[in-house]
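To keep things clear, I will list the structure first and then write my remarks on it.
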Amino acid sequence: MAVSMRDLDPAFQGAGQKAGIEIWRIENFKPVPIPKSSYGKFFTGDSYVIMKTTASKSGALRQDIHYWLGKNTSQDEAGAAAIKTVELDAALGGRAVQYREVQGHETEKFLSYFKPCIIPQEGGVASGFKHAEEEEHQTRLFVCRGKHVVHVKEVPFARSSLNHDDIFILDTKSKVFQFNGSNSSIQERAKALEVVQYIKDSYHDGKCEVAAIEDGKLMADAETGEFWGLFGGFAPLPRKTASEEDKTIDSQPTMLYRVEKGHAEPVESDSLTRELLETNKCYLLDCGLEMFVWMGRTTSLDERKSASGAAEELLQGADRSKSHIIRVIEGFETVMFRSKFDSWPQTTNVTVSEDGRGKVAALLKRQGVNVKGLLKADPVKEEPQPFIDCTGHLQVWRVNGEQKVLLSAADQSKFYGGDCYIFQYSYPGEDKEDYLIGTWFGKQSVEAERASAISMASKMVESMKFLPAQARIYEGNETIQFFSIFQSFIVFKGGLTDGYKNLIAEKEIPDETYQEDGVALFRVQGSGPENMQAIQVDPVASSLNSSYCYILHSGSSVFTWSGNLTTSEDQELVERQLDLIKPNLQCKPQKEGAESEQFWDLLGGKSEYSSHKFGKEAESDPHLFSCTFSKGNLKVTEIYNFSQDDLMTEDIFILDCHSEIFVWVGQQVDSKNKMLALTIGEKFLEHDFLLEKLSREAPIYIIMEGNEPPFFTRFFTWDSAKSTMHGNSFQRKLAIVKNGGTPIKDKPKRRTPGSYGGRSSVPDKSQRSRSMSFSPDRVRVRGRSPAFNALAATFENPNARNLSTPPPMVRKLYPKSVTPDPTNLAPKSAAIAALTASFEKSPPVRELIIPKSLKVSPAPVSPSSKQESNSKENSMSNRIESLTIEEDVKEGETEDEEGLPIYPYERLKVLSTDPVTEIDVTKRETYLSSEEFREKFGMAKDAFYKLPKWKQNKLKMALQLF
């Protein structure tokens with residue numbers, strides 16, 4: 001579509017350059033921008049053009065344009081608003097969706113821009129009315145309708161206006177009453193209270209009383225009596241009579257019209273298909289309540305205006321003022337429009353480019369207008385974050401038939417693709433311990449064991465009174481939270497369960513279960529030591545990828561292969577994963593293009609392979625849906641421009657993030673539907689309501705109200721006090737309104753429930769470490785190489801360990817009161833020096849970092865050692881001077897560091913040319929002076945240790961201290 005400067009109204013120049021709302025009022029058939037202070041104020045005699053610009057996660061700007069017609073606006077003004085909307089869309093490249101909004105029958109999307117409501121005022125410009133002036137407060141009566149957004153309409157202040165089905169707000173000079181019809185729902189009553197709050201703030205400066213009146217209470221209390229006294233006393237309410245506005249549009253068959261020379265001509269066809277729409281034509285799709293105008297990409301501006309006029313005429317002739325007109329451009333059809341067709345291809349052959357928008361931008365630029373918003377914005381690149389505390393306690397079970405087997409700490413991050421697993425993770429929340437219980441299904445796992453895993457995981461959640469969040473995860477669709485919890489994650493081929501063995505026996509397929517002495521190829525991936533995976537793939541050359549590093553082993557032969565597109569960080573992950581898969585063998589490094597013949601022989605010869613990095617799709621803009629599930633049927637309603645206040649405690653909602661979905665379950669949902677939450681999530685993926693190609697194996701999280709994890713609340717501006725209140729939605733919001741807009745928090749007591757099975761899963765916070773498990777045989781530091789764990793093990797005195805307690809905490813290597821015995825210290829010094837040297841350079845051929853013969857004797861106990869007050873340390877008082885290695889100091893804890901020597905930053909760096917040797921290499925930063933620590937980290941030590949561990953490590957890596 002060609003666009004010339006004559007088609008651009010000066011008022012629209014520079015519009016749509018940034019996210020937000022812009023509003024123009026039609027005055028003398030021209031758009032005039034109104035000040036932001038007047039946004040949300042509409043006059044019944046006027047017409048308006050409203051544009052909402054949204055910036056997507058990718059950085060692209062998207063527009064929705066609405067033209068709002070007051071009930072008293074003139075027909076000419078309404079026509080001007082419709083035409084100007086088409087022109088505004090053309091100025092923006094012809095991609096916006098356009099809506100006609102009629103006063104009293106606005107779309108939910110439009111009303112969501114002005115939450116909680118709009119209350120049009122009498123008056124207008126072109127109509128000759130004068131805008132109402134502020135005067136003495138007048139008593140007004142409003143009727144409110146809507147469960148998710150509220151349609152507010154002023155009605156006569158008379159008893160005859162009231163009924164049992166709706167909710168009414170009576171605004172008097174000193175008090176605002178809300179009358180709840182006996183047939184209204186709790187959710188409608190709660191939403192109406194938001195209107196009460198709006199009236200209180202807008203017309204009473206927040207200084208007036210609020211009263212809720214229940215239909216049928218008669219004169220039970222003083223406020224009820226006061227309310228009815230304003231109507232001249234109580235009398236039975238009349239039965240509601242259907243007004244013109246209450247009448248619904250009769251259902252009718254969908255009709256398709258082609259617009260020819262401004263007239264709508266029916267299109268005859270047995271079924272609606274995409275092929276009926278020609279790119280050089282405009283069409284009308286009449287669906288009753290919605291009238292769609294479809295505009296082909298090559299149609300002219302005049303043709304689009306004519307099509308809009310034809311739609312207006314079609315509705316006027318049938319007296320359908322309530323119907324919405326929605327205009328869409330070819331290639332940018334809405335989900336609702338596409339869903340009306342019997343078939344719609346997933347992709348079309350429409351060429352979509354920035355050409356149209358670029359031409360307009362060039363024209364405007366010559367006029368001196370800032371045009372950066374007319375072109376696609378630069379994508380926002382954000383490193384994905386887990387939004388979960390990774391210092392918690394992890395337990396993992398393998399599912400075998402209808403039983404689950406607890407895995408040892410050493411095996412709980414090693415999964416098999418033919419098996420199913422259950423994991424339970426507890427971690428410190430805002431004011432209590434939080435839990436995540438999930439299932440992981442391997443690609444080759446059997447359906448019976450998947451069902452068994454779901455059943456057992458659900459019982460675990462139920463046994464803990466629905467406190468934990470629940471996750472369902474398939475192999476290959478893991479979330480960042482899952483990987484961050486496990487940190488070093490390995491997936492082997494095959495399986496160990498009876499279900500997998502029966503499957504391969506039935507299908508007579510070879511058993512691919514991983515064998516330590518067999519040929520195996522692993523792809524290594526991840527973003528760092530606290531998020532790294534090794535995935536076993538077919539041992540053939542076509543499995544390679546230039547963007548990854550690999551581990552290949554056969555018997556005692558071990559190779560690492562680095563693609564040309566990998567980084568030094570990728571290669572470091574290979575070293576770390578090699579310590580887990582083949583820790584005691586030397587490896588032969590291979591660079592892409594310089595491989596040995598033996599390497600290719602193990603892979604069966606050379607072959608072509610990919611160079612494109614696998615990756616999850618960029619995070620999509622989330623959508624919130626209210627769900628109704630009955631007799632196996634799922635109905636959803638999208639909530640536009642959602643907030644926490646849209647989550648009603650009586651309902652179930654789904655937050656659709658495309659790559660994963662969250663099923664939020666309110667506290668007041670009955671127990672039967674709570675147990676169906678996972679089924680509802682699966683039905684949602686199956687129906688794919690937004691036609692966005694949702695995978696049925698996308699992760700599903702089930703979130704219970706009051707226990708929302710941070711990786712869910714990050715999508716909202718969250719107030720945890722609201723989700724912990726008692727009562728139904730109406731009672732909660734009434735308490736907030738009467739309390740001046742502040743929720744009264746029902747703060748729960750901090751509790752430490754046992755894990756499923758009766759064992760205590762959460763130690764006292766003073767004992768918490770970053771260990772994935774509190775199993776006594778686990779000594780590794782999370783995210784650290786097992787070579788380092790071996791070093792840690794040499795410092796352990798197993799006889800001193802109480803098997804019911806967590807692993808020992810990281811101690812200072814040299815307590816102030818201890819003078820180490822040089823003879824006993826020598827082996828330790830050599831071990832630390834060897835480890836430090838391994839951090840400074842990477843040997844061409846892999847060598848064992850920890851000699852098997854290394855033995856360390858504890859240092860003698862100094863008589864001047866002070867007795868520690870901490871109960872955990874009391875149990876270890878006899879070892880206080882021994883050179884033990886803790887897994888981590890608890891977050892926020894800073895031990896007395898007076899006994900630690902201070903070293904300059906240049907000597908503490910991992911790659912220092914003059915390294916310090918006899919230090920705790922896991923805590924290099926603790927040897928910095930307070931001044932140099934603040935200079936390097938930009939904060940004090942106390943503040944640093946209050947950061948999440950992944951942030952600490954990220955900062956330390958950036959400073960070469962990790």
Side-chain angles (χ1 to χ4, degrees), residues 1-26 30-34 39 47-68 80-101 107 109-110 113 279 282 292-305 307-308 325-334 337 350-379 621:
M1 179 187 69
V3 180
S4 64
M5 286 301 295
R6 65 181 178 83
D7 296 319
L8 294 174
D9 194 289
F12 293 148
Q13 292 188 358
Q17 296 189 38
K18 58 183 179 180
I21 294 177
E22 296 170 84
I23 303 178
W24 298 263
R25 181 170 54 223
I26 302 299
K30 294 288 185 181
V32 177
I34 66 173
Y39 283 10
S47 296
Y48 297 80
V49 175
I50 302 96
M51 180 170 67
K52 174 66 181 296
T53 301
T54 306
S56 67
K57 291 286 185 181
S58 65
L61 296 177
R62 175 178 55 83
Q63 285 84 19
D64 288 294
I65 307 175
H66 307 252
Y67 59 103
W68 185 87
I83 291 174
K84 291 301 178 183
T85 299
V86 176
E87 292 180 5
L88 177 57
D89 175 44
L92 294 167
R95 301 181 183 187
V97 180
Q98 305 160 44
Y99 304 81
R100 184 185 76 156
E101 308 286 352
T107 62
K109 174 174 276 192
F110 177 80
Y113 303 154
T279 190
C282 291
F292 291 95
V293 181
W294 184 89
M295 300 171 288
R297 292 292 298 177
T298 61
T299 54
S300 67
L301 183 60
D302 288 337
E303 287 174 321
R304 297 181 184 186
K305 290 179 180 179
S308 298
I325 294 179
I326 304 173
R327 300 193 289 242
V328 297
I329 192 70
E330 180 182 6
F332 297 91
E333 296 87 354
T334 64
F337 177 83
V350 178
T351 301
V352 179
S353 69
E354 293 285 330
D355 184 57
R357 189 173 294 213
K359 288 180 179 177
V360 177
L363 291 170
L364 294 176
K365 191 173 183 179
R366 286 198 289 269
Q367 299 294 318
V369 178
N370 183 359
V371 297
K372 65 177 183 179
L374 293 181
L375 299 174
K376 183 176 179 179
D378 292 333
D621 297 313

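- Counting heavy atoms from C-beta on, the side chains of M295 and V328 never come closer than 4.5 Å.
- Taken from CG in L88 to CD1 in I65, the straight-line distance is 4.0 Å, to the nearest 0.5 Å.
- The minimum heavy-atom distance between I21 and K52, with the atom names listed, is CG1-CD, 3.6 Å.
- Remark: T107 OG1 to I325 CD1 distance equals 12.5 Å, nearest 0.5 Å.
- With hydrogens and angles left out, the side-chain atoms of W294 and E333 include a donor and acceptor closer than 3.5 Å.
- E303 pairs by the side-chain hydrogen bond (donor to acceptor under 3.5 Å, both in side chains) definition with S300, not counting sequence neighbours.
- The side-chain hydrogen bond (donor to acceptor under 3.5 Å, both in side chains) check on Q98 picks up D89, R327, with sequence neighbours excluded.
- Between A55 and D621, the closest heavy-atom pair is O-OD1, 4.4 Å.
- Between G16 and T53, the closest heavy-atom pair is CA-OG1, 3.7 Å.
- In this structure, the separation between CD1 on I50 and CD1 on I23 is 5.5 Å, given to the nearest 0.5 Å.
- The existence of a salt bridge linking K305 and E87 is confirmed by a sub-4.0 Å separation between a basic side-chain nitrogen and an acidic carboxylate oxygen.
- With rounding to the nearest 0.5 angstrom, the CZ atom of R95 is 13.0 Å from the CZ atom of R62.
- Of the candidates Y99, Y48, Y113, Y113 is the only one forming a side-chain hydrogen bond (donor to acceptor under 3.5 Å, both in side chains) with H66.
- Between V49 and A81 the shortest heavy-atom distance is CG2-O, 4.0 Å.
- Listed for the Q13 side chain is no donor-acceptor partner under 3.5 Å among the backbone atoms of P10.
- For the pair I329 and R304, the minimum side-chain heavy-atom distance is below 4.5 Å.
- Put simply, the side chain of S47 does not reach to within 4.5 Å of the side chain of Y67, judged on heavy atoms.
- In this structure a side-chain-to-backbone donor-acceptor pair under 3.5 Å is missing from E22 to A15.
- Interatomic distance, T54 OG1 to K18 NZ, rounded to the nearest 0.5 Å: 14.5 Å.
- Distance NZ/K109 to OG1/T334: 8.0 Å, rounded to 0.5 Å.
- If you check the side chains of T279 and R297, you find no donor sitting under 3.5 Å from an acceptor.
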- [ ] Show your working on side chain to side chain contact (heavy atoms under 4.5 Å, CB included) between S308 and I83 and close with a plain yes or no.
- [x] CA-CA 8 Å; S308 298; I83 291 174; over 6 Å; no
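- Scanning both residues, I26 and A80, for their nearest heavy atoms gives CG2-CB, 4.1 Å.
- For the pair T299 and C282, the tightest heavy-atom approach, listed with the atom from each and the gap, is CG2-SG, 3.9 Å.
- Every residue two or more places apart in sequence or in another chain that forms a side chain to side chain contact (heavy atoms under 4.5 Å, CB included) with P33 is listed here: A11, W24.
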